[in-house]
*Asks:* 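This is the structure I want to talk about, given as structure tokens.
Sequence positions, counted from 1, serve as the residue numbers for this chain. For clarity, every value in this text was computed on a predicted model and none was experimentally measured.
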Amino acid sequence: MTVATCNSKSRASSSLLHTPSADGDSCTHPRVIGEECDNCGEYVGPDYGFYFGYMLEGLRLSPGEAARLSEMETRRLFKQKKLVLVLDIDHTRVHSVADKDLNTEEKSFLLENGGSLNDCLFTLESIGLLVKLRPFARTFLKQVSTMFEMYLYTRGERRYALDVTELLDPEATYFGDRIISREDVPAGFKTLDMVLGHKNSVLIVDDTESVWPKDKENLILIERYDYFAKKSTTTSHRYCENGTDESEFAGSLAKVLKVVKAVHEMYFESITVRRRNVRFILRLLRSSILEGCTLYYDNADHEANRVCLMAKEMGAKCSMERNSRTVTHLVSFEDDTEDISWAVQEKKFLVNPWWIAAAYYSWERQQEEEFPVADVMLDSS
Ligand SMILES: [Mg+2]
Ligand SMILES: [Zn+2]
């Protein structure tokens, strides 16, 4: 196992912030350091405007100033044919665990195989964490860096964010001072208000949707990466204890790379301003994935379920009734044998709900046969 030592980088202040001051008489307090206006010195309190402390200690910008700088930044990047990409860390690009939380299977696997993982498994000694990079993480960064200005945005601590950045970006070429961590996220949720860039030109890649309550339209949800058993949400993907890993070239980051490339291309090919909008493009791409499918769920309560909303976002119609003429798929949550018999008889596709989630993460309709309802249910039909 390789031990990498990480030193924190000093925060560089962005050149964008050196803008002319407003006239003292009619100061709109565009920039605040701490709790006082940087221009007129007036006290404005601790909750003023939007927080940009990750760029310069204590910096806050008025909404107007943030919008002005975002506009400038978007224009500057447009000339370089770039958009902004905001990346989460945990379960998106890495999975980290404290040494003490490894289970017996993991310990013995790492003892025997740690050497072969020396370019993707690291120990952060200062905070006692073991960090496993997701397969394709470095390739992903290299490829998107020509198309996007990148931010790291995590609810983890700054110390940890800087250490992980050093593992992913040892030459410090990708992120600069654009690293937003727990100390910068007073509200607890994540917001693009802290990112310089027009919302029409910013993409987010994160494994958690709920942390982006205001900016879900910019989000590309990625399947959660669980390498270790601790904090894993599924039992099937505990790669370490099973001695396996996610596929590098057919895995989640490779799939997301295709999507961000497609969005970038469509954005810069767009002739109208309305279409030069990542929110519009994501909606458009997503809404064609299950076009032509009409789904019937074997439990109406699940209509409100997240998975049904996903299906609708992907262009599927959802039928409230078991209509032989219109329904194309029975999505089986409930093992209802009567519904299953109906689907078999009517020659409808019969899938488990994961068929929908898998399409949502892959941005592609999946082979129905790969998502069967349990064999035992089919036997009884
Ligand atoms: Mg995460
Ligand atoms: Zn002022």
*Asks:* Out of Lys190, Arg155, Arg93, which residue meets the side-chain hydrogen bond (donor to acceptor under 3.5 Å, both in side chains) rule with Asp88?
*Replies:*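 Exactly one candidate clears the test, Lys190.
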
*Asks:* In terms of hydrophobic clustering (I, L, V, M, F, W, Y; side-chain heavy atoms under 4.5 Å; direct or indirect links), are Val32 and Leu69 co-clustered?
*Replies:*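 Val32 does not cluster with Leu69.
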
*Asks:* In the structure I gave you, are the side-chain heavy atoms of Lys261 and Glu265 within less than 4.5 Å of one another anywhere?
*Replies:*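 Answer no - side chains too far apart.
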
*Asks:* Can a donor-acceptor pair be found, under 3.5 Å and without considering hydrogens, that links the side chain of Asp169 to the backbone of Thr173?
*Replies:*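 Present.
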
*Asks:* Do Asp339 and Tyr297 meet the criterion of a side-chain donor-acceptor pair at a distance under 3.5 Å?
*Replies:*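 No, no side-chain donor-acceptor contact under 3.5 Å.
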
*Asks:* With rounding to the nearest 0.5 Å, note down the distance linking OH in Tyr227 to CZ in Arg238.
*Replies:*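 Here the rounded value is 14.0 Å.
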
*Asks:* I need the minimum non-hydrogen distance between Leu129 and Ser96, along with the two atoms involved.
*Replies:*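 Heavy atoms of Leu129 and Ser96 come nearest at CD1-CB, 4.3 Å.
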
*Asks:* Roughly how far, to the nearest 0.5 Å, is the CG atom of Leu309 from the CE atom of Met314?
*Replies:*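 If we round to the nearest 0.5 Å, Met314:CE and Leu309:CG are 10.5 Å apart.
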
*Asks:* Could you tell me how the ring of Tyr296 sits relative to the ring of Trp342: parallel (under 30°), tilted (30 to 60°) or perpendicular (over 60°)?
*Replies:*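 Ring orientation, 0 to 90° scale: perpendicular.
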
*Asks:* Counting distance only, does the side-chain N/O of Tyr360 pair as donor-acceptor with the main-chain N or O of Arg286 below 3.5 Å?
*Replies:*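 A pair under 3.5 Å: no.
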
*Asks:* When you look at NZ of Lys258, are more than 12 heavy atoms from neighbouring residues, nucleotides or ligands closer to it than 6.0 Å?
*Replies:*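 It does not: Lys258 NZ has 12 such atoms or fewer within range.
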
*Asks:* Heavy-atom count check: over 12 atoms from other residues, nucleotides or ligands less than 6.0 Å from Glu248 CD?
*Replies:*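 Yes.
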
*Asks:* Checking the side chain of Tyr48 only, and the main-chain atoms of His29 only, is there a donor and an acceptor separated by less than 3.5 Å?
*Replies:*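 Yes; judged by distance alone, with no hydrogens or angles, the pair exists.
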
*Asks:* Are side-chain heavy atoms of Leu285 and Trp363 found at a separation under 4.5 Å?
*Replies:*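 When only atoms from C-beta onward are counted, Trp363 and Leu285 do touch, with a gap below 4.5 Å.
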
*Asks:* For Tyr153 and Thr191: C-alpha separation, side-chain torsions, deciding distance, then whether side-chain contact (heavy atoms from CB on, under 4.5 Å) applies.
*Replies:* CA-CA 9 Å; Tyr153 200 145; Thr191 163; 4.1 Å; yes

*Asks:* Calculate, to the nearest 0.5 Å, the distance between atoms NZ and CZ belonging to Lys216 and Arg279 respectively.
*Replies:*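 The distance works out to 11.0 Å.
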
*Asks:* Could you walk me through whether Ser252 and Arg134 satisfy the side-chain contact (heavy atoms from CB on, under 4.5 Å) test, starting with their C-alpha distance in whole Å, then the side-chain angles of each, then the deciding distance to 0.1 Å, before giving a yes or no?
*Replies:* CA-CA 9 Å; Ser252 302; Arg134 191 172 203 162; 3.2 Å; yes

*Asks:* What I'd like to find out is whether the side chain of Pro30 reaches to under 4.5 Å of the side chain of Arg68, using heavy atoms alone.
*Replies:*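 Pro30 vs Arg68: side chains apart.
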
*Asks:* When you measure from the side chain of Ser362 to the backbone of Ala359, do you find a donor-acceptor pair of N or O atoms at a distance under 3.5 Å?
*Replies:*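 A pair under 3.5 Å: no.
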
*Asks:* Run the side-chain contact (heavy atoms from CB on, under 4.5 Å) check on Leu203 and Tyr267 step by step: do they pass?
*Replies:* CA-CA 12 Å; Leu203 285 177; Tyr267 183 98; over 6 Å; no

*Asks:* Do Phe249 and Tyr361 land in one hydrophobic cluster if side-chain heavy atoms of ILVMFWY residues count as linked below 4.5 Å?
*Replies:*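 Yes, because Phe249 and Tyr361 connect within a single hydrophobic cluster, where side-chain heavy atoms sit under 4.5 Å apart.
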
*Asks:* Do the side chains of Ser201 and Phe78 get nearer than 4.5 Å, heavy atoms only?
*Replies:*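 A side-chain contact under 4.5 Å is absent here.
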
*Asks:* Which heavy atom in Asp245 sits nearest to a heavy atom in Tyr225, and how many Å separate them?
*Replies:*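 Result for this residue pair: OD1-OH, 2.8 Å.
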
*Asks:* Salt bridge (charged side-chain N to carboxylate O under 4.0 Å, His left out), that's the test. Do Arg60 and Asp47 meet it? Break it down for me.
*Replies:* CA-CA 9 Å; Arg60 289 177 169 278; Asp47 301 320; 5.0 Å; no

*Asks:* Of all heavy-atom pairs between Asn39 and Cys27, which one has the smallest distance, and what is that distance?
*Replies:*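 For Asn39 and Cys27, the tightest heavy-atom pair comes out as ND2-SG, 3.3 Å.
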
*Asks:* Can you list everything that forms a salt bridge (charged side-chain N to carboxylate O under 4.0 Å, His left out) with Arg138? Sequence neighbours excluded, please.
*Replies:*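 Listed in chain order: nothing, the list is empty.
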
*Asks:* Can you tell me how far the CD1 atom of Ile179 sits from the CZ atom of Arg158, to the nearest 0.5 Å?
*Replies:*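 Reported value, rounded in 0.5 Å steps: 6.5 Å.
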
*Asks:* So does Ser210 get a backbone contact from the side chain of Thr208, meaning a donor-acceptor N/O pair under 3.5 Å?
*Replies:*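 Judged by distance alone, no pair lies under 3.5 Å.
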
*Asks:* Taking side chain as C-beta onward, heavy atoms only, is Phe175 less than 4.5 Å from Leu162?
*Replies:*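 They are not in side-chain contact.
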
*Asks:* Whether the side chain of Thr92 engages the backbone of Asp207 through a donor-acceptor N/O pair (distance < 3.5 Å, no angle test) should be reported.
*Replies:*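 Checked: pair present.
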
*Asks:* Can a donor-acceptor pair be found between the side chains of Ser181 and Glu183 at a distance below 3.5 Å?
*Replies:*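 Judged by distance alone, the side chains do pair up.
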
*Asks:* Please find the pair of heavy atoms, one from Ala229 and one from Asn103, that lie closest to each other, and give the distance.
*Replies:*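 Distance-wise, the nearest heavy atoms are CB-ND2, 3.5 Å.
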
*Asks:* Closest approach of Gln143 and Thr146, non-hydrogen atoms and distance?
*Replies:*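 Scanning both residues completely, I find the closest heavy atoms to be O-OG1, 3.2 Å.
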
*Asks:* Asp193 side chain to Phe50 main-chain N or O, any donor-acceptor pair under 3.5 Å?
*Replies:*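 Judged by distance alone, no pair lies under 3.5 Å.
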
*Asks:* Just wondering, more than 12 heavy atoms not from Lys199 lying within 6.0 Å of its NZ?
*Replies:*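 Yes.
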
*Asks:* When you measure from the side chain of Gln366 to the backbone of Glu364, do you find a donor-acceptor pair of N or O atoms at a distance under 3.5 Å?
*Replies:*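 Indeed, once roles are kept as given, a pair shorter than 3.5 Å links the two residues.
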
*Asks:* According to ring pair (Phe, Tyr, Trp, His ring centres under 6.0 Å), who are the partners of Phe148, at least two apart in sequence or on a separate chain?
*Replies:*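 For Phe148, the residues satisfying ring pair (Phe, Tyr, Trp, His ring centres under 6.0 Å) (neighbours in sequence not counted) are His264.
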
*Asks:* Please lay out, stage by stage, how Glu149 and Arg76 fare under the test salt bridge (charged side-chain N to carboxylate O under 4.0 Å, His left out).
*Replies:* CA-CA 11 Å; Glu149 177 106 315; Arg76 179 182 75 82; 3.0 Å; yes

*Asks:* In the single-linkage hydrophobic clustering (I, L, V, M, F, W, Y; side-chain heavy atoms under 4.5 Å), do Leu59 and Val44 co-cluster?
*Replies:*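 No: no chain of side-chain contacts under 4.5 Å links Leu59 to Val44.
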
*Asks:* Does Glu338 CD have over 12 foreign heavy atoms under 6.0 Å away?
*Replies:*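 Open: at most 12 neighbouring heavy atoms sit under 6.0 Å from CD of Glu338.
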
*Asks:* State, yes or no, whether a side-chain contact exists between Tyr151 and Val202 at a heavy-atom distance under 4.5 Å.
*Replies:*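 They are not in contact (no side-chain heavy atoms under 4.5 Å apart), so the answer is no.
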
*Asks:* Hey, does Leu295 have a side-chain heavy atom less than 4.5 Å from the side chain of Val351?
*Replies:*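 No; the side chains remain at least 4.5 Å from each other.
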
*Asks:* Other residues, nucleotides and ligands only: do more than 12 of their heavy atoms fall within 6.0 Å of NZ on Lys255?
*Replies:*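 Yes, enclosed.
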
*Asks:* What residue pairs, at least two apart or across chains, pass ring-ring contact (aromatic ring centres under 6.0 Å, His included) with a residue in residues 97-117?
*Replies:*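 Every candidate ring-ring contact (aromatic ring centres under 6.0 Å, His included) pair involving residues 97-117 fails, so no pair, neighbours aside, qualifies.
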
*Asks:* Does Ser126 reach the side chain of Asp163, with side-chain heavy atoms less than 4.5 Å apart?
*Replies:*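 They are in side-chain contact.
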
*Asks:* Say whether, by atom type as modelled, one donor and one acceptor occur between the side chain of Asp215 and the main chain of Asn218 under 3.5 angstrom.
*Replies:*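 Not a single qualifying donor-acceptor pair exists.
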
*Asks:* Hey, what do you get for CG (Leu110) to CG (Leu130), rounding to the nearest 0.5 Å?
*Replies:*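 Rounded to the nearest 0.5 Å, the CG-CG separation comes out at 6.5 Å.
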
*Asks:* Which pair of heavy atoms, one from Phe349 and one from Glu369, lies closest together, and at what distance?
*Replies:*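 Taking Phe349 first and Glu369 second, the nearest heavy atoms are CE2-OE2, 4.4 Å.
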
*Asks:* When you look at Leu284 and Met266, which way does the side-chain contact (heavy atoms from CB on, under 4.5 Å) test go after all the steps?
*Replies:* CA-CA 11 Å; Leu284 191 73; Met266 287 171 79; 3.7 Å; yes

*Asks:* I'd like to know whether CZ of Arg365 has more than 12 heavy-atom contacts from other residues, nucleotides or ligands below 6.0 angstrom.
*Replies:*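 Atom CZ in Arg365 is packed in, count exceeds 12.
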
*Asks:* Give, for atom CZ of Arg275 and atom CG of Asn200, the distance between the pair rounded to the nearest 0.5 Å.
*Replies:*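 Nearest 0.5 Å value for the CZ-CG distance: 14.0 Å.
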
*Asks:* Can a donor-acceptor pair be found, under 3.5 Å and without considering hydrogens, that links the side chain of Asp101 to the backbone of Lys230?
*Replies:*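 No, because the side chain of Asp101 does not come within donor-acceptor range (under 3.5 Å) of the backbone of Lys230.
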
